[in-house]
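Scroll down for the structure; my scribbles are underneath it.
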Amino acid sequence: MRKIAILTSGGDAPGMNAAIRAAVRKAIYCGMEIYGIERGFAGLINPSPWRKMELSSVAGIIHRGGTILHTARAPEFMEKAVQEKAAARLRERGIEGIVVIGGDGSFRGAQALDVLGIKAVGIPGTIDNDIYGTDSTIGFDTAVNTVLDALNRLRDTATSHGRVFVVEVMGRHNGFIALAAGLAGGAEVILVPEIEFDLDQICRRLVKGVRRQKTHSIILVAEGAASAFCVGAQIEQKTGLETRVTVLGHIQRGGSPSAADRLLASRMGAAAVDLLREGRGGMITAAKGGAIHPVPLLEALTAGRAFPADLYELALILSM
Ligand code: ATP
């Protein structure tokens, strides 16, 4: 394979730039041409120019969050006719393979291109860590560290004033960020969409804590589990404890990627190019047991990532 393309799609994630850099430099090292498509799948179908990437195109980006290729949500790419048009445009330019960096939605787009004969490799780039087959996705570690940093700061105030802090984090469909940051940050309560919770029981725990001189508590809520404002208001009403609510929002998406995310992105970017060189489309790059392995795109799309119930159990025990 001599000519390939690369795009980033869906929500941006810290480390996407490091993955672009690795894929571009590995491709050039292997004597391939690589084209950068801007704004995800939208850039494949709109008449925007495709940039031939050079070594210098990816200079000075390894430490930057976001994505130099920009990203977009392009719902029209779900239509077969639009996918066929995109595949035809790629073929016209002699492009035989594509690297798609994004989450599961982006992987559906990649799979569609693969079926149409453009070999596609997905790189899991999403702060959600919701992709089957890989221990971690690019951006998750940075997002968890961002939440952790916020928790450390909020805990200072919570302790000083003796308050209950309810902190809402990203995770519309899963509680991976809440669980990892809650466990690492010693949150007293973690609410995730995967596990039902009983607010009365939580209130009883908080009051019990106060009785044994506990000065503050942090409740971490994944946005898909409940609204932090509702949880805060109900706790205040049921217990009389002074409560403050913080919604972390989009600060969780940006920022300079952590060392772990840069390493993961560098390895996955290079591995994606290797797969295309071998003509192995229809795969994602996945981290397992310290190595990067290919996992079939279809498997990654259908299997679904299991919630680590053992970690949740551990968080419950440690927050007693
Ligand atoms: P994140 O996890 O950060 O939200 P994502 O990749 O899951 O990332 P989505 O918005 O679900 O984000 O999808 C990104 C893009 O992928 C969509 O805007 C669309 O262009 C494409 N896409 C999503 N679903 C499909 C599908 N079923 N078929 C083809 N393309 C799709």
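Predicted, not measured: the structure shown is a model, and the values here were computed from it. Order of listing sets the numbers, starting from 1, for every ligand and every atom in it.
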How far is atom 27 (N) of ligand 1 from its nearest protein heavy atom, and which residue and atom is that?
R108 CD, 3.4 Å

Shortest non-hydrogen separation from K85 to I45 and the atoms involved
NZ-O, 3.7 Å

Is the shortest heavy-atom distance from the side chain of T246 to the side chain of R153 under 4.5 Å?
no

Heteroatom proximity flag, G103 to ligand 1, N/O under 3.5 Å:
yes

How would you list, by chain and number, every residue that makes a ring pair (Phe, Tyr, Trp, His ring centres under 6.0 Å) with F165, sequence neighbours excluded?
none

Would you check whether D104 has a nitrogen or oxygen atom less than 3.5 angstrom from a nitrogen or oxygen atom of ligand 1?
yes

Any idea which protein heavy atom is nearest atom 11 (O) of ligand 1, and the distance to it?
G105 CA, 3.5 Å

So, for L264 and A287, which heavy atoms are closest and what is the spacing to 0.1 Å?
CD1-CB, 3.7 Å

Would you call G40 a ligand 1 contact, heavy-atom distance under 4.0 Å?
no

Atom 2 (O) of ligand 1: closest protein heavy atom, distance to 0.1 Å, is T126 OG1, 3.3 Å

Quick one: which ligand 1 atoms are inside 4.0 Å of a heavy atom on S9?
14 (C), 15 (C), 16 (O)

How long is the gap from CZ on R253 to CE on M170, to the nearest 0.5 Å?
5.0 Å

Do the side chains of S57 and K52 get nearer than 4.5 Å, heavy atoms only?
no

Do R93 and Y35 form a cation-pi contact, if we require the NZ or CZ to be under 6.0 Å from the six-membered ring centre and within 45 degrees of the ring's axis?
no

I'd like to know if R277 and D274 make a salt bridge, using a cut-off of under 4.0 Å between side-chain N and carboxylate O.
yes

Would you mind running through ligand 1 and noting each atom that sits below 4.0 Å from a heavy atom of G11?
1 (P), 3 (O), 8 (O)

Name the closest protein heavy atom to atom 4 (O) of ligand 1, giving the residue it belongs to and the distance to 0.1 Å.
R73 NH1, 3.1 Å

Any side chain to side chain donor-acceptor pair (under 3.5 Å) involving residues 173-198? Give me the pairs, sequence neighbours left out, ordered by first then second residue.
E188-K214

Which segment of Q83 sits under 4.0 Å of ligand 1 when only heavy atoms are counted:
side chain

Numbered atoms of ligand 1 (with element) below 4.0 Å of G109, judged on heavy atoms:
29 (C), 30 (N), 31 (C)

Nearest non-hydrogen protein atom to atom 20 (O) of ligand 1, with distance, is A74 O, 2.7 Å

So for Q111, does at least one of its heavy atoms come nearer than 4.0 angstrom to any atom of ligand 1?
no

What atoms of ligand 1 come within less than 4.0 Å of a heavy atom belonging to D128?
2 (O)

Is the closest basic N to carboxylate O distance between D200 and R204 below 4.0 Å?
no

Tell me: protein heavy atom nearest atom 6 (O) of ligand 1, and distance?
S106 OG, 2.5 Å

Heavy-atom distances under 4.0 Å decide this one: backbone, side chain, both or neither, for F41 against ligand 1?
side chain

